Each structure stands twice: as structure tokens, then as C-alpha cells.
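All figures in this text were calculated on a predicted structure; none of them were measured in a lab.
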Amino acid sequence: MGIGPKNLGLRHPGFGLLLLFLVQSFYIQLWPTFHPANESIRFYFVESLVRDGTLSVDPALERYGVPNKDVSIHDGRAYMDKAPGVAFAVAPLYVALRTVGFDSLPWEMRWFLLTLLGLTIPNLLATALFFRLGRDLSGGRDDVALGLAAAYAVATPALLYSTLFFGHQFAAILFLAGFYLLRPATVVSSGAAFTAGFLISFAVASEYQAVLAAAGLAVYGMVRAVDWRGRAMLVLGGLVPAAIVLGYHWLSFGGPLNFPYAYKGAEELAEMHAQGLFGFVWPYWEGGHGQLLSARRGLIYSAPITALWPLGIIRMWRAPGWRAARYAVLFVGLAHTILLTGYLYWTGGYCHGPRFLVPVLPFMVLPLAALWRPPGEGETPRAISSVVRTWLFPGLALVGALLHLAVLMSFPYPREEIQAPFYELTFPLLLQGCTAPNVLGLSSGPAMLVFALLVGGAALWLFTRLRAGASRPIAGRLLVAVAVALAIILAQLLVAPPPDSPAARRWQNEARELMQCPPIAATLVPISAISSGTLKVRT
């Protein structure tokens with residue numbers, strides 16, 4: 001027997017997950033002098049809970065001496081103003097790691113390990129579940145499921161938020177796992193129903209805004225349960241995280257329905273959350289356009305494969321066995337998006353992309369698998385599906401991968417006033433050789449080379465797997481995909497060129513200082529020069 005890729009297991013999807021893990025975990029988004037508020041408050045909460053035995057974050061705030069605007073104040077004590085789910089989930093990891101000297105590690109390493117173990121690795125397992133769901137929906141096509149799982153993992157904000165200590169991707173992981181347990185063509189046992197109920201509810205415990213999506217999945221679970229016992233177990237499983245969160249509210253804020261948003265410490269955030277229902281009002285243009293289409297935070301702008309979601313939904317409507325599931329997938333994506341377009345804080349602070357839409361991203365990408373389904377009985381092949389899956393989808397995925405891999409290498413915290421973060425912050429920093437720290441401790445240039453080799457190796461592995469499963473050669477389609485991707489990026493720059501704004505210049509300089517990049521004599525800004533035809537140099 002010869003030794004080759006197949007014998008070594010290199011063709012197995014698990015090897016693809018290993019490559020994805022190496023890509024995701026190579027860069028570390030942590031700097032000694034910068035504690036991003038949204039993430040650090042969760043880290044402070046975990047430390048205060050485990051090391052100091054209190055729900056208040058006062059001990060950690062005093063220990064690190066860094067002000068944080070994401071606190072809620074009640075009875076003179078500071079608390080985390082976030083949903084506590086993801087912090088509660090990683091707290092046992094912290095407890096277990098303390099037995100091997102975890103407390104003696106630098107805070108950056110503790111933060112990184114908690115994120116790696118609590119988010120990045122679970123996200124790999126969720127990606128494997130996404131692969132299996134995609135295979136079912138595409139009619140058993142392994143190549144389609146693999147390509148779509150890769151697109152979800154790398155060409156959407158899921159890539160970035162699986163490496164940051166936010167709660168959004170954690171909620172997406174839980175939703176995906178809960179839906180998988182309730183998937184079509186399976187018998188939902190009482191145990192599976194209980195676990196699904198727990199996971200769906202825990203997603204809301206991690207992101208309060210995901211409540212409508214959770215309600216849709218819960219109704220779907222009630223439909224899928226085989227009898228009253230299964231439905232009772234689904235409800236019982238959901239009550240466990242709900243009881244934990246309500247108890248947390250009671251102990252921290254004096255009542256089970258006293259949400260932390262009502263006690264915001266930062267004045268400007270308190271004023272915003274005092275409007276409507278904790279900042280939620282009727283959907284309005286700025287919130288919808290901003291989160292879906294704008295260069296500032298737009299989902300379709302940064303992950304254009306999500307623009308194909310309606311086509312996937314239409315095609316999924318004819319998928320055998322997905323009758324109830326199609327309503328759940330449609331409701332989760334649509335209801336959550338509509339809800340968030342009425343959120344006054346839609347910009348989300350220092351963040352890339354529409355972070356509030358991340359929990360339902362799996363349900364906005366999964367329906368695309370139905371575009372590859374073979375025609376059913378009495379159904380004629382659809383030309384539009386063939387064009388989309390053969391020529392358009394690869395190019396759109398390539399754009400998303402390029403943008404999100406660039407952010408992963410760089411600084412993922414643009415200020416809200418920056419209008420085009422990718423082109424005003426991310427690419428200018430990379431062109432200056434300014435990158436995030438990495439696990440090997442390499443300087444910027446060698447690190448970029450190693451990362452390029454990792455990404456290139458993963459892309460080559462994916463290409464060979466897709467080529468092996470395709471009925472026709474795909475090399476030509478790859479060239480078309482590159483052309484489509486370049487055309488989209490050029491259109492982004494020409495149709496709405498990023499302004500060479502003072503805010504972007506200031507934040508670039510501040511980001512360089514926070515990232516401790518080597519000083520440079522001049523800063524090139526070639527991105528904004530594309531539309532004007534000149535190359536701007538500023539000192």
C-alpha cells in the first residue's frame with residue numbers, strides 16, 4: 001500500500017478543520033495597552049467570579065486599572081452590562097486551568113487561551129455540523145457542503161468573531177448545534193430535545209438580542225418533537241439557562257427582570273438604551289442600510305455571499321423533508337435581521353461588520369446549499385441556479401475571504417465614525433507592515449509570510465477536494481471567480497470611495513501606537529488614491 005494523501009487522512013474533512021484552526025489561531029488580537037471594552041468586561045467578569053468569588057467586576061477593574069464603559073452600576077457596584085452566557089461557559093475552563101498554574105500566566109495569555117478553548121475550538125465543531133447540514137440540504141453533495149462550510153467559516157464575520165471574546169459567535173454556535181439536533185430526517189429523542197432546548201436558550205443567555213431567533217427555533221423544536229414527553233423535555237432544557245440568567249439578574253440588579261441595560265454606567269449609552277425597549281425602536285433606514293449594505297458595517301458589503309440568501313430560501317422550499325425546517329430557517333434569519341434594523345446602537349462600537357447579526361449567520365448561508373440540489377420529479381433545472389453556483393458564488397466568497405482574513409491579520413477595532421473600515425484602516429495598516437501579534441512571536445514580515453503559507457495551503461487543500469468531487473473541471477471557474485472578486489472590490493472603491501478623513505488618519509496613528517508598530521517616516525494611503533488617480537503620502 002502506497003503512502004499518499006488519502007492514506008494519511010489528508011483528504012478527510014477533519015484535516016480541513018485542522019487547517020482552519022491553524023489559520024484562526026495564528027494571530028492574537030491582544031495588545032498590552034489596549035483593553036477593548038466589550039471583550040475585556042467579559043474577561044473581568046470571569047476573573048472576578050473565579051478568583052474573587054463575586055458577580056461584581058470591581059476587583060478586576062481595580063486590578064487592571066483600566067476604565068471600561070461597558071459596565072452597569074447598581075447599589076454603587078460595577079457589573080458587566082452584557083448577557084452573561086459566554087462568560088459563565090468559560091468560567092469552568094478558568095477553574096480547571098487554575099490547577100495547572102493558569103493564574104501565573106500573563107493576562108494576555110489567559111485571555112487568549114479562554115477565547116481559544118471557549119470559542120475558537122467550539123466553532124470548529126459547529127463548522128463540522130454546518131458541513132453535515134449542508135450535505136443533507138444539497139442532496140448528499142460532500143463537495144458542496146465542504147465549499148459552503150469553508151465559505152461560512154472564512155468569508156463571513158464568523159471568522160473574526162470566533163477569535164474574539166464577544167458573545168455573538170458563541171450564540172451562533174449554540175443555535176447551530178441546537179438546530180442540528182432537531183434537523184430533518186431524524187427522530188428527535190427526549191434527550192436530544194432537552195439538549196436542543198438548553199442550547200437554544202443558552203444562546204439567548206449569551207446574546208439577549210437573539211430572543212426572536214430562539215423563539216423561532218423553539219417552535220420548530222416543538223413541531224419536531226415526536227410526543228408530549230419530547231416537547232416537555234425541550235421546554236425543561238430551555239428553563240435551565242433561563243433560570244441561571246434570571247438568578248444572575250436578581251443577585252446583581254435586584255430582580256429577575258432587571259436587565260443590565262437599565263443600569264448602563266456610560267451616560268451616552270444609558271441615554272440611547274433608555275429609548276424604546278432598551279434601545280430597540282421600529283426598524284428605520286439607517287439601521288437597515290447600515291447593517292446590510294453600507295461600507296461601515298454592512299453584512300452584504302463584507303460578506304457578499306449573504307446576498308444570495310433569498311435565492312437559497314426559494315430553492316430550499318422544494319427540498320424534500322425540509323418542510324418545517326425551511327420555515328424555521330427563514331424566520332430565524334428574517335426576524336432577527338428586522339429586529340436589529342431597529343436597534344439604535346446598530347454600529348456596535350469598536351468592531352468590524354454587523355456584529356449583532358452574527359448569531360444568525362449560519363441560517364443566512366446554509367440555504368445556499370439548496371442551489372446545488374438536483375431537480376426533483378417534474379422539476380426543470382433552473383438556469384439562474386446554475387449561473388449563481390458556477391460563476392457568481394465563488395467570486396463572492398473570495399471577496400469575503402479576502403476582507404475577513406485581512407481583518408484577522410490586522411486591527412479589528414475601527415471607531416464608529418470611520419466610514420469604510422476595510423479601506424480606511426485594515427488595508428492601510430497591512431500595507432505599512434503593521435499586523436497583530438502572532439503565536440510564533442515573529443515580526444510582521446515573516447509572520448505575514450507564514451500566514452500566507454497557511455492560507456495558501458488551506459486553499460490548495462480545499463481546491464483539490466472540490467476538484468475531486470466536481471463533475472467538470474473547475475480551474476476555469478476559479479479564474480472567473482478571481483475576476484468577479486476583483487470587479488467587486490474595484491466597484492466598492494469606485495462607487496463609494498473611502499474618504500481620506502481626519503478621523504481615519506487619527507485612528508490609524510492611534511492603532512499603530514496600540515499595536516506597537518515600528519515608526520515610519522511616511523504613511524502611504526494608496527486605497528483612497530484609486531478614485532483620484534494620485535498616490536497620497538502623508539507624514
Would you say CZ of Arg98 has more than 12 non-hydrogen atoms from neighbouring residues, nucleotides or ligands within 6.0 angstrom? yes
If you take the centroid of each ring, where Trp contributes its six-membered ring, are Tyr248 and Phe45 closer together than 6.0 Å? yes
Run the ring-centre check on Phe253 versus Phe259 and record whether the distance is less than 6.0 Å. no
Tyr343/Gln291 under side chain to side chain donor-acceptor pair (under 3.5 Å): CA gap, chis, key distance, verdict: CA-CA 10 Å; Tyr343 191 31; Gln291 292 194 85; over 6 Å; no
State whether a side-chain donor-acceptor pair under 3.5 Å links Asp103 with Tyr94. yes
Name each donor-acceptor pair under 3.5 Å that joins a side chain in residues 17-28 to protein atoms two or more places apart or in another chain, with its distance.
| from | atom 1 | to | atom 2 | distance (Å) |
| --- | --- | --- | --- | --- |
| Gln24 | NE2 | Ser162 | OG | 2.9 |
| Ser25 | OG | Phe21 | O | 2.6 |

Taking the ring centre of each residue, are Phe179 and Phe130 less than 6.0 Å apart? no
In terms of relative ring orientation, are Phe34 and Phe411 parallel, tilted or perpendicular, with 30° and 60° separating the classes? tilted
Which pairs would a plain distance check flag for residues 212-225, meaning a side-chain donor or acceptor within less than 3.5 Å of a matching protein atom at least two apart in sequence or in another chain?
| from | atom 1 | to | atom 2 | distance (Å) |
| --- | --- | --- | --- | --- |
| Tyr220 | OH | Leu182 | O | 2.7 |
| Arg224 | NE | Leu182 | O | 3.0 |
| Arg224 | NH2 | Arg183 | O | 2.8 |
| Arg224 | NH2 | Thr186 | O | 2.5 |
| Arg224 | NH2 | Thr186 | OG1 | 3.2 |

Sidechain-backbone polar pair: Gln29 side chain, Ala436 backbone, donor-acceptor under 3.5 Å: no
Please identify each residue that fulfils side chain to side chain donor-acceptor pair (under 3.5 Å) with Arg296, with sequence neighbours left out. none
For His249 and Tyr208, take the angle between the two ring planes, folded into 0 to 90°, and tell me which bin it lands in: parallel under 30, tilted 30 to 60, perpendicular over 60. tilted
Compute the centroid of each ring, for His352 and then for Phe422, and state whether the two points are separated by less than 6.0 Å. yes
For atom CD of Glu510, is the number of surrounding heavy atoms from other residues, nucleotides or ligands below 6.0 Å larger than 12? yes
